[in-house]
Amino acid sequence: MEARVRALETLLTAKGLVDSAAIDRIVETYETKVGPRNGAAVVARAWSETAFAAWLKTDATAAIASLGFGERRGTRMRAVFNSADVHNVVVCTLCSCYPWAVLGLPPVWYKSPAYRSRVVQDPRSVLAEFGVSLSQETQIRVWDSTAELRYLVIPQPPPGFETMGETELARLVTRDAMIGVGLIGAGDATP
C-alpha cells in the first residue's frame, strides 16, 4: 500500500497536479498539530486543575481552544465526564463526525455501519467487545456527534493521579478512552 501511495504521489507531482511541499505540510500537521496527544493534554489538564475541568464542562470549545487546539470554524465541542455511576460513549450515527483536532483521524471501526448502529441500540455489548465491562448499575450515555457539535469523553482519572504531573497523566490517556470505548490503563483496543 505504501508503495502505491508513493508511486501515485510521484506521478501527481511530476504532472504538476500536487505540490509535494503541501503534502509535507499536511503530514507535519497530522504528526505534530492534531491528534490524540491534544485530547490527552486536555484530559490531563482537566484532571489536574479543577477550574479547567469546570470550564470544560460549561464551555469545552473555549477551554480546549485555550490550550491551542480546536475544531474547524463553526464546530463546537462538548466534554462529557465519566464517573463511578456514568460512562459516556461517542458515535456519529449519520456518518463519521469526529473531533480531528483533539483525536486525530477517526479509527476505521468508528466509521463502520456496525459500530454506528449497534452502539446506540446495545452499547453495553459493544463496549464488552472493546474489553470494557461495566457493572449493570453503571449508566451508559451515548452521544451522537454532528457536523456542528463534537464530543470528548473525559475518562475517570487513575488512582493516585493527584501526585502525577500533566505530562505523565497525558501519557495514560488513549484515543479509545476519549471516545468512551476504552478505560484508562487498558490501552486502545480494536473489537
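Scope of the values below: all heavy atoms of this structure, side chains included, with no hydrogens, waters or symmetry mates.
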State, with a plain yes or no, whether a side-chain heavy atom of [X] is found less than 4.5 Å away from one of [Y].
X      : Y      : result
Leu169 : Ser48  : yes
Val80  : Lys57  : no
Leu152 : Met77  : yes
Arg141 : Val89  : no
Val42  : Phe52  : yes
Val43  : Met178 : yes

Set of side chain to side chain contact (heavy atoms under 4.5 Å, CB included) partners for [X], sequence neighbours left out:
X      : value
Ala62  : Trp55, Asp59
Ala22  : Asp19, Arg25
Thr10  : none
Ser135 : Glu137, Thr138

[X]: what forms a ring pair (Phe, Tyr, Trp, His ring centres under 6.0 Å) with it, not counting sequence neighbours?
X      : value
Trp143 : Tyr151
Tyr115 : Trp109, Tyr110
Phe69  : none

[X] versus [Y], closest heavy-atom pair with distance:
X      : Y      : result
Ala170 : Ala40  : O-CB, 3.4 Å
Ala46  : Leu56  : CB-CD2, 3.8 Å
Ile184 : Ala177 : CD1-CB, 3.9 Å
Cys97  : Ser145 : O-CB, 3.6 Å

I'd like to know if the side chain of [X] and the backbone of [Y] have a donor-acceptor N/O pair within less than 3.5 Å.
X      : Y      : value
Arg150 : Tyr98  : yes
Thr75  : Ala147 : yes
Asn82  : Asn88  : yes
Arg116 : Cys95  : yes
His87  : Gly180 : yes
Trp100 : Pro106 : no

| said: Checking Thr163 now: which residues fulfil side chain to side chain donor-acceptor pair (under 3.5 Å) with it, not counting sequence neighbours? | reply: none
| With sequence neighbours left out, what residues match Thr93 under side chain to side chain donor-acceptor pair (under 3.5 Å)? | Asp144
Tell me whether [Y] is reachable from [X] by hopping between hydrophobic residues (I, L, V, M, F, W, Y) whose side-chain heavy atoms are closer than 4.5 Å.
X      : Y      : answer
Val181 : Leu105 : yes
Leu94  : Val126 : no
Leu67  : Ile154 : yes

| query | Rounded to the nearest 0.5 Å, how far apart are CD1 of Ile23 and OG1 of Thr13? | reply | 5.0 Å
| said: Can you tell me how far apart CG (Leu8) and CZ (Arg4) are? Round to the nearest 0.5 Å. | reply: 11.0 Å
| message | Taking side-chain contact (heavy atoms from CB on, under 4.5 Å) as the criterion, tell me which of Val153, Thr174, Leu103, Val91 meets it with Ile179. | response | Leu103
Results of salt bridge (Lys or Arg N to Asp or Glu O under 4.0 Å) for [X] - residues two or more places apart only:
X      : result
Arg118 : Glu129
Glu9   : none
Glu166 : Arg45

| task | Would you please test Ile140 and Arg124 for side-chain contact (heavy atoms from CB on, under 4.5 Å) and show each step? | result | CA-CA 7 Å; Ile140 300 173; Arg124 198 170 298 277; 3.8 Å; yes
